[in-house]
Amino acid sequence: MPVGAQLAALEVYQQLRATLVGELGVEPSGRIQRLHQEVLNEGQGRLSDASSSPELLLRAG
């Protein structure tokens, strides 16, 4: 997933969670939380790849 799309997905999750907790007092479903975790894990993989190769970090940014 491109970095911009990943950031957008994380923003959407934060907005969704804030709305659900603020208005309904509930957390996002387990399925939504798992998708959120997948997006986070993908970013961690990109960071670990970039730490071994600075050129990847420059291209990803």
Are the side chain of Gln6 and the backbone N or O of Val39 linked by a donor-acceptor pair below 3.5 Å? yes

When Glu42, Glu38, Gln37 are each screened for side-chain contact (heavy atoms from CB on, under 4.5 Å) with Leu40, the one that passes is Gln37

Show me the donor-acceptor pairs, under 3.5 Å and distance only, between side chains in residues 26-33 and residues at least two apart or in other chains.
| from | atom 1 | to | atom 2 | distance (Å) |
| --- | --- | --- | --- | --- |
| Glu27 | OE1 | Arg17 | NE | 2.9 |
| Glu27 | OE1 | Arg17 | NH2 | 3.3 |
| Glu27 | OE2 | Arg17 | NH2 | 2.8 |
| Ser29 | OG | Ile32 | N | 3.3 |
| Gln33 | NE2 | Pro28 | O | 2.7 |

Quick check for you: to the nearest 0.5 Å, what is the distance between His36 atom NE2 and Leu16 atom CG? 10.5 Å

When you group the ILVMFWY residues by side-chain heavy-atom contacts below 4.5 Å and let the links chain together, are Val12 and Leu24 in the same group? no

